[in-house]
S.K.: 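I have a structure I would like to understand better, so I am pasting it below and will then ask my questions one at a time.
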Amino acid sequence: MSVPLGHRSEVDAGSSYRSEPHPSLLVRLRLPFLALLVLLGGCDGADPALPMEEELITSLSVSVDPSGRAPLTAEALLSTSRPVSVEVTVEGKGGAGTEIRHRFGAVERGHILPILGLYPGEATAVTLELFSADGASLGTRDLSVVAPALPADFPQVTIDVAPSGTLQPGLTLVSYFGHAGSATPQRAFAFDVTGAIRWALDFSGDATLGGLFFDNGIERLANGNLYFGDGNTDRIYEVDMAGRVLRSWGMPGFTFHHNVLELPSGDFLVTVNRQGTATVEDHVIQIDRASGAVETVWDLRQSLDPTRRAWPTDLADLDVDWFHGNALAYDPTDDTILVSGRTQGLVKLTRANEVVWILAPHRAWRSDLAAKLLQPLDAAGVPITDAAVLDGAVPHPEFEWSWYQHAPAILADGSVALFDNGDNRGYQFPGTYSRAVVYRIDAKARTIQQVWEYGRERGAETFSRIVSDVDEHPEAGTILFAPGAVASPGGPVGRIVEVDRATRAVRFEATVRAPQVPFGITFHRVERLPLYPDL
């Protein structure tokens, strides 16, 4: 029987966290560092068999959920008699594609090894394989690690279409809204291709992030850690995969909503409210990562028209929330930003807050802004001149505007993808379908051509008026289409559909159903990524 050992955690005086092993874990530790966390599994408390020279491992302990915030993680504290590198293998109980393996390149005598991808509420087999400096295998050590069960308000994940063809590797990370009782803290989890949840982040009861509202959700930094904004504390946080907060940044004079984006420079682009103004969700700022200073401010009241009311909505007071900025993208080719305004359109802005182009139906734009509207082209590249199509009242057979869009992204070929929610499509409330859509935009000529779409054929089963995500997986040749607030007979669900870009065939599909769904939202964003970052 595997006997999990406990741990204790405490918060230090700063904004980061420290966890310490329970004294029962610190048997014969010979390393000069104890800033560790971990849980050991063995048979009746005994050490597992060691099919290698016995004196090679001088001490080994393992602690589950070292931070108290990531229950399906553990850390192994390993000391050896000579320098080694280590590969960690976490078993997969669902066949091909569910095993998690990571080789740590450092050749040292002391290792702190994250163990990621445990199964909730049961034992998971973990193997440590040790290698000499020249890469020769020195043998393996087998562990049995028991992680706690997840709270009952984590969702059920149903695999509707089993994986076929090439998929983007990794687990599906879901920025989850479902929660029993209070809508916060928001939590994230990741599931494998069988629907098994293998990672979770839960700040319930945390003194700082117990009210976490990350809105769009969590994404990965270039350094492999995770990051998110919090609308409760109005800060940006960097955390590791074990849930430890490593650093945070404030935004004096502003409050957070929706989206934070890491720029190639490492700085952050953030959608914010400006304190002391009568309107909300109509500013963007850039925060210097090193100093924390606000470097650049985009005031959309100055670049756009706060009086335009072509897209009415029942979700906002348009005199206050006239733009409703919900997402950002950055174009490194010309140092511009894309800002998605749910009730206005998608806008490209220079660093000086000048409008480059506007992707939206042409109805009711002020004359100076109307000159920035994109001209649609048909599949042959011929301008579409039908006034009703330009206005948005009717679609063209080869082109349709996006409506109340989310999640813009600049793809590998320079085209722009987004989640076209379709709310009020053609000025008919509420709409009947959502799409993942890809447009080719010529900024100089201000033309737009629709080159790909998926979702129209699915109708109501993937229609999400709000939230939702689209991601490109160029190496796999797929697009991830993820409506996060879909009405269904059993209550709202989120769907995750990976589609072959060439054939539009579904290669993988899952439904996420939460026991409770605050705001009618199951999730906002999803990402496909390996638990161990590939740096």
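All residue numbers refer to positions in the sequence shown, counting from 1. The figures that follow rest on heavy atoms only: side chains count, while hydrogens, waters and symmetry mates do not.
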S.K.: Between E453 and R435, does any side-chain N to carboxylate O distance fall below 4.0 Å?
M.R.: yes

S.K.: Which residues satisfy the ring-ring contact (aromatic ring centres under 6.0 Å, His included) test with H257, sequence neighbours excluded?
M.R.: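 Result, ring-ring contact (aromatic ring centres under 6.0 Å, His included) vs H257: none returned.
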
S.K.: Hydrogens and angles aside, do H406 and N421 bring a side-chain donor and acceptor to less than 3.5 Å of each other?
M.R.: yes

S.K.: Which word best sums up how the rings of H324 and H258 line up, parallel for under 30°, tilted for 30 to 60°, or perpendicular for over 60°?
M.R.: perpendicular

S.K.: Once you round to the nearest 0.5 Å, how far does CG of L116 lie from CE of M241?
M.R.: 5.5 Å

S.K.: With a 6.0 Å cut-off (strictly less than), is the heavy-atom count around CD of E457, excluding the residue itself, greater than 12?
M.R.: yes

S.K.: Looking at K444 and D442, is there a salt bridge between them, counting it only when a charged N and a carboxylate O are closer than 4.0 Å?
M.R.: no

S.K.: Judged by atom type as modelled, is there a donor-acceptor pair below 3.5 Å linking the side chain of S67 to the main-chain atoms of A242?
M.R.: yes

S.K.: What pairs meet the salt bridge (Lys or Arg N to Asp or Glu O under 4.0 Å) rule with one or both residues in residues 208-220, with sequence neighbours excluded?
M.R.: E219-R525

S.K.: Can a salt bridge be assigned to the pair D202 and R69 using a cut-off of 4.0 Å between side-chain N and carboxylate O?
M.R.: no

S.K.: Taking only residues two or more places apart in sequence or in another chain, which ones pass salt bridge (charged side-chain N to carboxylate O under 4.0 Å, His left out) with D288?
M.R.: none

S.K.: Side chain of R363, backbone of A393: donor and acceptor closer than 3.5 Å?
M.R.: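 Side chain of R363 to backbone of A393, a donor-acceptor pair under 3.5 Å: no, none is there.
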
S.K.: Taking only residues two or more places apart in sequence or in another chain, which ones pass ring-ring contact (aromatic ring centres under 6.0 Å, His included) with F399?
M.R.: W401, Y439

S.K.: Does D423 pair with R342 as a salt bridge, N-O distance under 4.0 Å?
M.R.: yes

S.K.: Would you indicate whether R446, at its atom CZ, is surrounded by more than 12 heavy atoms from other residues, nucleotides or ligands within a distance under 6.0 Å?
M.R.: yes

S.K.: Check for me whether the distance between the ring centres of W199 and F189 falls short of 6.0 Å.
M.R.: no

S.K.: Decide, yes or no, whether a salt bridge links D230 with R235 under the criterion of side-chain N to carboxylate O below 4.0 Å.
M.R.: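 Salt bridge flag = no for R235 with D230.
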
S.K.: Checking D334 now: which residues fulfil salt bridge (charged side-chain N to carboxylate O under 4.0 Å, His left out) with it, not counting sequence neighbours?
M.R.: K348

S.K.: Would you call E472 and R501 a salt bridge, using N to O less than 4.0 angstrom?
M.R.: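 Looking at E472 and R501, the cut-off is met.
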
S.K.: Should the pair E509-R458 be classified as a salt bridge under the 4.0 Å nitrogen-to-oxygen rule?
M.R.: yes

S.K.: Ignoring hydrogens and geometry, is there a side-chain-to-backbone donor-acceptor pair from Y433 to G422 under 3.5 Å?
M.R.: no

S.K.: Please list, chain by chain and in numerical order, all residues satisfying side chain to side chain contact (heavy atoms under 4.5 Å, CB included) with E398, sequence neighbours excluded.
M.R.: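 Applying side chain to side chain contact (heavy atoms under 4.5 Å, CB included) to E398 gives D378, A379, H396.
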
S.K.: Taking E400's backbone N and O only, do any of them form a donor-acceptor pair with Q450's side chain (distance below 3.5 Å, no angle check)?
M.R.: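 Looks like yes, one N/O pair under 3.5 Å.
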
S.K.: With a 6.0 Å cut-off on the ring centroids, do F523 and Y176 count as close?
M.R.: no

S.K.: Ring centroids only, cut at 6.0 angstrom: are Y427 and W403 within range, meaning strictly under it?
M.R.: yes

S.K.: Does atom CG of D413 have more than 12 heavy-atom neighbours, drawn from other residues, nucleotides or ligands, at distances under 6.0 Å?
M.R.: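 Correct, the count exceeds 12.
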
S.K.: Examine distances only and state if a side-chain atom of Q375 and a backbone atom of I384 form a donor-acceptor pair shorter than 3.5 Å.
M.R.: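 Checked: pair present.
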
S.K.: Return the orientation label for the F519 and F177 ring planes: parallel under 30°, perpendicular over 60°, tilted otherwise.
M.R.: perpendicular

S.K.: Should the pair R289-D267 be classified as a salt bridge under the 4.0 Å nitrogen-to-oxygen rule?
M.R.: no

S.K.: Which residue is it: L173, L171, T172? I am looking for the one with a side-chain contact (heavy atoms from CB on, under 4.5 Å) to F191.
M.R.: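 With F191 as partner, L173, L171, T172 yield a single side-chain contact (heavy atoms from CB on, under 4.5 Å), made by T172.
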
S.K.: Is it the case that the ring center of F214 lies less than 6.0 angstrom away from the ring center of Y237?
M.R.: no

